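Note on naming: letters A, B, ... go to the chains in the order of the sequence lines (proteins, then strands), and numbering restarts at 1 for each one. All figures in this text were calculated on a predicted structure; none of them were measured in a lab.
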Amino acid sequence: NAGVTQTPKFQVLKTGQSMTLQCAQDMNHEYMSWYRQDPGMGLRLIHYSVGAGITDQGEVPNGYNVSRSTTEDFPLRLLSAAPSQTSVYFCASRPGLAGGSTDTQYFGPGTRLTVL
Amino acid sequence: DAKTTQPPSMDCAEGRAANLPCNHSTISGNEYVYWYRQIHSQGPQYIIHGLKNNETNEMASLIITEDRKSSTLILPHATLRDTAVYYCIVRLETDSWGKLQFGAGTQVVVTP
């Protein structure tokens, strides 16, 4: 299994541009999430999904949209990029309500985004 | 989810045990203690979690106090590859949203 993959690894945008960060997982996990990490800080939840067709907002959803048309993919869209969105973005997935030792999240390698 | 408090940084000599403390005085009875780590420029990695009893796996041991208001992650024989930021999180195991509220964590530096 490739696990959780993210593309691109690096991206530079100008203010006002839009783009989509891609995330895919091949573990058939129900739950997927997007986080952002700013320098010296922990991760903050942007959006999450508990299954195909179901998404909800996290802690910092403004300026971002998500959709979940398949179990495998969970893209994150920046509608109109702003310098405040300069950050490292992590996608994560986990199994459903399996509980026990399988209740862990698997993270992708991250996308480093700079907005000028 | 209950909030946690961790020291911002700590050093450890290679080959020695690293003991990472975490305070979670407002933890509720059905919340678990989770530990993740993040090696520089990589995504977070799950380490261990527990509810009341001490837990051990191939990576680490987790010691939870009897009143559950604090815990300690133990890396028994630290290596240079254990240099990372370690996050202590408390949450419901059955949190159906898969959310993990990370704080600032503890920067652990393992030195030769």
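One hydrophobic cluster, built from ILVMFWY side chains closer than 4.5 Å, holds both B/Trp35 and B/Met59. Note on B/Leu80: it clusters hydrophobically with B/Ile47, by side-chain heavy-atom contacts below 4.5 Å among ILVMFWY residues. Under the 4.5 Å side-chain heavy-atom criterion for grouping Ile, Leu, Val, Met, Phe, Trp and Tyr, A/Tyr48 is connected to A/Val88 within one hydrophobic cluster. Hydrophobic clustering of Ile, Leu, Val, Met, Phe, Trp and Tyr side chains at less than 4.5 Å, counting indirect connections, keeps B/Ile74 apart from B/Leu20.
Identified by a heavy-atom distance below 4.5 Å to chain B, the contributing residues of residues 107-116 of chain A are A/Phe107, A/Gly108, A/Pro109, A/Arg112, in residue-number order.
Open room surrounds CZ on B/Arg16; 12 or fewer heavy atoms of other groups in view lie less than 6.0 Å from it.
With a 4.5 angstrom heavy-atom cutoff, A/Gln6 does not touch chain B via any of its atoms. With a 4.5 angstrom heavy-atom cutoff, B/Gln107 does not touch chain A via any of its atoms.
Judged as a salt bridge (Lys or Arg N to Asp or Glu O under 4.0 Å), the pairs with a partner in residues 77-90 of chain B (not counting sequence neighbours) are, in order, B/Arg37-B/Asp82. Each salt bridge (Lys or Arg N to Asp or Glu O under 4.0 Å) pair with one or both residues in residues 101-112 of chain B, not counting sequence neighbours, would appear here, but there are none.
Looking at every heavy atom in both residues, B/Tyr36 comes nearest to A/Gln105 through OH-N, 2.9 Å.
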Determine all donor-acceptor pairs shorter than 3.5 Å in which one atom belongs to a side chain in residues 19-27 of chain A; sequence neighbours excluded.
{"from": "A/Gln25", "atom 1": "OE1", "to": "A/Met27", "atom 2": "N", "distance (Å)": "3.0"}
{"from": "A/Gln25", "atom 1": "OE1", "to": "A/Asn28", "atom 2": "N", "distance (Å)": "3.1"}
{"from": "A/Gln25", "atom 1": "OE1", "to": "A/His29", "atom 2": "N", "distance (Å)": "3.1"}
{"from": "A/Gln25", "atom 1": "NE2", "to": "A/His29", "atom 2": "O", "distance (Å)": "2.9"}
{"from": "A/Gln25", "atom 1": "NE2", "to": "A/Thr71", "atom 2": "O", "distance (Å)": "3.0"}
{"from": "A/Asp26", "atom 1": "OD1", "to": "A/Gly3", "atom 2": "N", "distance (Å)": "3.0"}
{"from": "A/Asp26", "atom 1": "OD2", "to": "A/Ala2", "atom 2": "N", "distance (Å)": "2.7"}

**Request:** Apply side-chain contact (heavy atoms from CB on, under 4.5 Å) to A/Arg94 and B/Tyr46, showing your working.
**Result:** CA-CA 11 Å; A/Arg94 58 161 273 191; B/Tyr46 166 82; over 6 Å; no
